[in-house]
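All remarks here apply to the structure that follows.
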Amino acid sequence: REKECYAAFRDDVFKNWQECCEGKGVPELRYRDFIQFALTGSRTEYEDVYFERRRQLDSAAFLSLMYPEEPKYLAYLSDVIFAICNEFSWCLPAHYGPIDKDNSCMIDLFAAETGFCLSEIYTLLGDRLEPLIADRIRVEIDRRIVRSFLETRFFWEKVGSNWAAVCTGSVSCTFMLMRPDLCPSLEERFSAAMNYFLGGFGPDGVCEEGFAYWCYGFGFFTVWADMIRTFTEGRVDWFKLDKVKAVAPFLSRMYLTGACTVSFSDAGRTGRYNLGVLHYLKGEYPDDVVVPDPAYSELMDGCGRWCTFLRTFTWLREEYLIPTTDAGAELTYYAPSVHWLVKRGATYSFAGKGGHNCEPHNHHDVGSFILAKDGRQILTDPGGGVYSRQYFSGPRYTFVSCGSHGHSVPYFGTDADRAERGFFYGYQKDGRQFGAKDVRFDGHTLTMDIAGAYNEPAVHRVIRTFVLEDEGFTLRDEFDVDAGIPITERLVSLSPYTVGEGIAVTDGVTLIFDPSLCEAVTAVGEFKPNENVYFLDLRLKEGVGALEVAVRV
């Protein structure tokens, strides 16, 4: 309530209270919005209201704890809890099973989070909750989480993604708080699921799902690992594992310049992290974890995740609030198991990747790269698009955000060829077997053969080389393709290109190429509604087998 180090966070709590709660009731979750996903694939109508309720829950619960003498917070909290306990399902429609079956007690990410959230609020507020509200929490957690988990084996218990950590961690924490008597018999099951989660990381500790999903999945893992260590009085300590130690420093390595981050997979181009989680991990691994500038942190995310919101306050350490000199310092980080390179320099930052086309939250982006400076991406990997049913089903790679046509990689053939042979002709293909080979990094030069990502019989080799220099980098592609196959180099930017003879400029970055070898054409792609990306297509002239582009900042 009084310490200066919490002042900005207190302001954020009150701001959210004023925006979401003050003078407003709990919004209605309507049937017509629930079924939109089944009818059209749209998620936003229902989720916007669902997550507003969770943000209301966070604010009212925290202010009830912080200011117990103010009855309005607890009164509002009771209304929100009552409404959430009356929800048809805590599961999102996008994760719901067949609509003609009773899946009201299915446990997805958000059902698990809701159970954990209500369990902590119930535990922390104790007898301050009115008896009916306390009873509703106990009954609904028992029905939707405890009995559901005891009676069902869920797919997320055997996946190496954020689902395993968020669902397992939330459910396990709910049991520790509400049914500790059952925990010993479930310990092996919870541990097995968390081992699947950690198995999704390579020895380098890279989160292939991207920055935001490290924050999500590993954030929940950290909360759970802390809680299970306390619950077992130190007998179970996951922080002693080498894999956990390898994963913990990942986030700070993904910052390129300012709040701008590596946006591979379904990540965003800027990244906000949870301060409490980073401070906790810094305490566990003081020599390995670097805490980025607190200005890049966020108190409450758009989904209103209570457990990390609360721990911003309970895990904050004042000595870590001062940005360390290493947080934005020059860096060269290469992860050979996934072929990710991140290089922060004095004048620009670069990220490039090899990898394969069956990564979690996969994009067709083998050979893609990012150039960033002055707090923003310029040559871009656009990152995650708008989530919908279509985005996670068959049409996924037709979206600019996911397909190779929306990344800075070559493509083959013409639009007429694709009209005749299918959309993906000449673009990268989907599957683990389609990836980079012979990837090498020597400290200054990253080289790979990306031909295998295309699975085109006429494309035999594509040797992509990045030479990193102080004033920029040089991209060189060498092609071994059958005669007569059109080749185009695509370079994606967030700003329009101005093109001259052998030169193109976008947002202060200059690209230099030999105009005798190619024709420069510009185009626009829709990344999201009202948000475009811009293409510079260098169409190689017939018989040309290599092209070099010098990128200067």
Side-chain angles (χ1 to χ4, degrees), residues 201-208 210-211 214 242 245-265 267 269-271 273 278 281-282 285-293 296 323-355 359 365-381 407-409 436-450 463-476 509 549-553:
F201 298 91
D204 312 307
V206 168
C207 179
E208 292 180 275
F211 179 99
W214 182 97
D242 290 341
K245 183 178 180 181
V247 175
F250 171 79
L251 178 137
S252 63
R253 295 166 176 165
M254 295 299 108
Y255 276 98
L256 294 172
T257 167
C260 172
T261 51
V262 174
S263 51
F264 298 151
S265 305
R269 296 189 296 270
T270 57
Y273 70 94
L278 259 290
L281 292 171
K282 178 71 173 175
Y285 311 110
D287 297 330
D288 301 293
V289 172
V290 175
V291 179
D293 192 321
Y296 310 150
T324 66
T325 55
D326 294 332
E330 295 185 21
L331 168 78
T332 299
Y333 172 69
Y334 179 62
S337 70
V338 292
H339 315 140
W340 284 29
L341 170 64
V342 178
K343 187 174 180 64
R344 286 197 304 254
T347 55
Y348 74 98
S349 295
F350 173 90
K353 73 182 296 289
E359 296 163 350
D365 59 355
V366 174
S368 182
F369 65 91
I370 299 165
L371 179 140
K373 63 175 294 188
D374 299 332
R376 66 193 187 281
Q377 289 190 16
I378 297 174
L379 297 181
T380 188
D381 181 315
H407 293 79
S408 293
V409 295
K437 298 179 180 178
D438 302 325
V439 184
R440 300 182 302 278
F441 177 62
D442 64 5
H444 298 283
T445 302
L446 177 66
T447 304
M448 64 189 78
D449 183 354
I450 62 173
I463 305 301
R464 168 156 280 206
T465 301
F466 301 96
V467 181
L468 305 179
E469 301 142 346
D470 291 341
E471 70 278 12
F473 65 91
T474 299
L475 166 67
R476 178 178 175 82
V509 170
V549 180
V551 180
R552 296 292 177 261
V553 298

Return the set of residues passing side chain to side chain donor-acceptor pair (under 3.5 Å) with [X] (not counting sequence neighbours), or none when no residue passes.
{"X": "Glu208", "answer": "none"}
{"X": "Lys373", "answer": "none"}
{"X": "Thr347", "answer": "none"}
{"X": "Thr380", "answer": "Gln377"}

Residues that [X] engages under side chain to side chain contact (heavy atoms under 4.5 Å, CB included), provided they are two or more places apart:
{"X": "Thr447", "answer": "Arg440, Thr445, Ile463, Thr465"}
{"X": "Arg253", "answer": "Pro249, Leu331, Tyr333"}
{"X": "Lys437", "answer": "none"}
{"X": "Ala267", "answer": "Phe211"}

Exercise. Hey, would you say the Phe201 and Phe250 ring centroids sit under 6.0 Å apart?
Worked result: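 Ring centres of Phe250 and Phe201 not closer than 6.0 Å.
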Distance-only, no hydrogens or angles: does the [X] side chain make a donor-acceptor pair with backbone N or O of [Y] under 3.5 Å?
{"X": "His339", "Y": "Lys353", "value": "no"}
{"X": "Arg552", "Y": "Phe473", "value": "yes"}
{"X": "Trp214", "Y": "Val247", "value": "yes"}

Do you know which two heavy atoms are closest between Gly367 and Phe466, and how far apart they sit?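 Smallest heavy-atom distance, with atoms named: O-CZ, 3.7 Å.
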Worksheet item: Any idea which heavy atoms bring Gly375 and Thr257 closest together, and the distance?
Response: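 Of all heavy-atom pairs spanning Gly375 and Thr257, the closest is N-OG1, 2.8 Å.
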Legend entry - With sequence neighbours excluded, residues passing salt bridge (charged side-chain N to carboxylate O under 4.0 Å, His left out) with Asp381: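 Once residues adjacent in sequence are excluded, Asp381 has no partner under the salt bridge (charged side-chain N to carboxylate O under 4.0 Å, His left out) criterion.
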message = Quick check on Asp442: does its CG atom have over 12 non-hydrogen neighbours (other residues, nucleotides or ligands) under 6.0 Å away?
response =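 Buried by this count: over 12 neighbours within 6.0 Å.
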Checking Leu341 against Leu468 for the side-chain contact (heavy atoms from CB on, under 4.5 Å) test, could you report, in this order, the C-alpha distance in whole Å, the side-chain angles of both residues, the deciding distance, and whether it holds?
CA-CA 11 Å; Leu341 170 64; Leu468 305 179; 3.8 Å; yes
For a 4.5 angstrom cut-off between non-hydrogen side-chain atoms, does [X] reach [Y]?
{"X": "Val206", "Y": "Ser337", "result": "no"}
{"X": "Cys260", "Y": "Arg376", "result": "no"}
{"X": "Thr474", "Y": "Glu469", "result": "yes"}
{"X": "Asp365", "Y": "Val409", "result": "no"}

Check ring-ring contact (aromatic ring centres under 6.0 Å, His included) between Tyr348 and all other residues, then give those that pass, not counting sequence neighbours.
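Tyr348: no ring-ring contact (aromatic ring centres under 6.0 Å, His included) contacts found.
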For Tyr334 and Phe441, take the angle between the two ring planes, folded into 0 to 90°, and tell me which bin it lands in: parallel under 30, tilted 30 to 60, perpendicular over 60.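 Ring orientation of Tyr334 relative to Phe441: tilted.
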